[in-house]
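All remarks here apply to the structure that follows.
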Amino acid sequence: MPIAAAAVCPAMAEGDPVVLRDLWHRYANAAAGAWTLRGLNLSLAAGELVGLLGPSGCGKTTLLRLIAGFERPAQGTVAIHGREVAGEQRWLAPERRGIGMVFQDYALFPHLEAWGNVCFGLRPGADRSRAAWLLELLGLQGLERRYPHELSGGQRQRLALARALAPGNSVLLLDEPFSNLDVEVRLRLRSELPAVLAECGASALLVTHDPEEAMAICHRVAVLRDGHLDQCSTPQQLVQRPATAFVGRFVLQGNLLPAERQGDRLLTALGVFALEPPGNQPTAADNAEATELQLLLAPDGLDLQPRAEGHCRVLGREFLGHSWLYRVACGAFSVRLRLPLDQDHPAGLACELRIRPGQRALLYPGALPVRMVASA
Ligand code: ATP
């Protein structure tokens, strides 16, 4: 069953902490028709952590700025907890939206101690006990008198998180908050984030470049491309059924093989596939006759056989620790293969590629399941 349309955040409820409807945005100095966002719909449910993935320049930060109120939509609405804060006739200033932000570069006040930073957004005379509780929750107790330059990168980012949550904000916008941290600190902080948000009852939108990071900690992952969402679903759904070929390639690092349809068979340079189950009607593919058909094949669905007269060639490989990731040129296209460590092949090696018998793949457009039935 094709899932592309239904995959875009179906459960959108009026009272959700964040509801974005039909958002269009274009920067004033951009060329006519150069929209950053084109009719984007997205919602965050209470307590939900949604990851926002997409290639560089696709509009991830712009979307956060629209929600926070630093940009205005050309069309569409932004609602926070059921209240419209941006729309045709409505505008609420950023400081009145009740949204916390955390940036890649921490954006702490260098002249204020940790305590001053975390209390910055609080009104004079307001109860400070939540600020103290947040410092403790984030493991910063005892560091209240330190200035930002006296803290480690991980501690600074924890402080930025505490500051964003201190005024009682229940919506957080996180713009690549872990990307300046070293691997160990990044992994620790990212694994703690869901518990911190849950403890505070906050919902968050997390911008990241890293599909693995998004899938590791987010309830849902939204994939932005050309100003709209290709898919927004749970990490499991994203892996099992990428809605578009782009999602399969960008998020899952899958291979896209050009395919030609002959009856219920799909011919590719590396093998013949059949729709599965055989009676499955490829309506989406039929409806898109002008669109190129492609099969999405996982990097571990292929084998490599060294052969002097082979018409494929090893371009290079990366060591993944537990396996190799090879790149192999095969005529006009190249594919990625994950192979065990004992498959030790040098760059330049002539070879043949073979799809594993019975290998499953997905046909696009339509995300239809197919199965390999014959070698090329
Ligand atoms: P990255 O992953 O590289 O941070 P992004 O997905 O966050 O990118 P944005 O920063 O939202 O992308 O930018 C989206 C597009 O809008 C880009 O083409 C960018 O050049 C353009 N853009 C961003 N800010 C402005 C601005 N102030 N004026 C004009 N164009 C802008």
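Here the structure is a predicted model, which means the values were calculated and not measured. We count ligands from 1, going down the list as the structure has it; atoms in each ligand are counted the same way.
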**Message:** Please evaluate residues Leu257 and Leu270 with respect to the criterion side-chain contact (heavy atoms from CB on, under 4.5 Å), reporting the C-alpha separation (whole Å), side-chain torsions for both, the decisive distance (0.1 Å), and the verdict.
**Reply:** CA-CA 8 Å; Leu257 302 182; Leu270 299 177; 4.1 Å; yes

Tell me, which protein residue and heavy-atom name are nearest [atom], and how many Å apart are they?
atom                    : value
atom 10 (O) of ligand 1 : Thr61 CB, 3.7 Å
atom 3 (O) of ligand 1  : Ser56 OG, 2.5 Å
atom 23 (C) of ligand 1 : Tyr27 CE1, 3.5 Å
atom 18 (O) of ligand 1 : Gly57 O, 3.8 Å
atom 2 (O) of ligand 1  : Lys60 NZ, 2.7 Å
atom 11 (O) of ligand 1 : Thr62 OG1, 2.5 Å

**Asked** Do any pairs count as a side chain to side chain donor-acceptor pair (under 3.5 Å) and have a residue in residues 125-136, sequence neighbours left out, and if so which ones?
**Response**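 Side chain to side chain donor-acceptor pair (under 3.5 Å) check on residues 125-136 returns Asp127-Ser129.
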
**Asked** Are any of the protein's heavy atoms under 4.0 angstrom from atom 31 (C) of ligand 1, yes or no?
**Response**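 There is a protein heavy atom less than 4.0 Å from atom 31 (C) of ligand 1.
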
**Asked** Protein heavy-atom contact under 4.0 Å for atom 13 (O) of ligand 1?
**Response**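 Within 4.0 Å: yes, protein heavy atom nearby.
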
**Cation-pi geometry met for Arg97 and Trp91 (6.0 Å, 45°)** =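 Yes, Arg97 sits over the ring of Trp91.
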
**Request:** Please state whether Gly54 comes within less than 4.0 angstrom of ligand 1, counting heavy atoms only.
**Result:**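 Contact check Gly54 vs ligand 1: negative.
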
**Request:** Work out whether the distance between some heavy atom of His209 and some atom of ligand 1 is less than 4.0 Å.
**Result:**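 Right, His209 reaches ligand 1.
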
**Prompt:** Any side-chain heavy-atom pair from Val247 and Leu238 closer than 4.5 angstrom?
**Reply:**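 Val247 vs Leu238: side chains touch.
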
**Prompt:** Any side-chain heavy atom of Leu297 within less than 4.5 Å of one from Ile355?
**Reply:**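 Yes, their side chains come closer than 4.5 Å.
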
**Message:** I need the minimum non-hydrogen distance between Arg38 and His228, along with the two atoms involved.
**Reply:**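 Looking at all heavy atoms of both residues, the shortest contact is O-CB, 3.7 Å.
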
**Message:** For Tyr147 versus His111, what's the shortest heavy-atom pair and its separation?
**Reply:**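 Looking at all heavy atoms of both residues, the closest pair is CE2-O, 3.4 Å.
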
**Asn29: numbered ligand 1 atoms lying under 4.0 Å from its heavy atoms** =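 Counting from 1, the qualifying ligand atoms are 28 (N), 29 (C).
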
**Request:** Provide the number and element of each atom of ligand 1 under 4.0 Å from a heavy atom of Thr36.
**Result:**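 Listed by number with element, the hits are 14 (C), 15 (C), 16 (O).
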
**Message:** Just to be sure I'm reading this right: ignoring hydrogens, which of Glu176, Glu71, Gln104 gets closest to atom 4 (O) of ligand 1? Compare them by their nearest heavy atoms.
**Reply:**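 Of the listed residues, Glu176 has the closest heavy atom.
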
**Message:** Please tell me whether Trp24 and Asp22 have a donor and an acceptor in their side chains that are separated by less than 3.5 angstrom.
**Reply:**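 Yes.
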
**Prompt:** For atom CD of Gln305, is the number of surrounding heavy atoms from other residues, nucleotides or ligands below 6.0 Å larger than 12?
**Reply:**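 Atom CD in Gln305 is packed in, count exceeds 12.
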
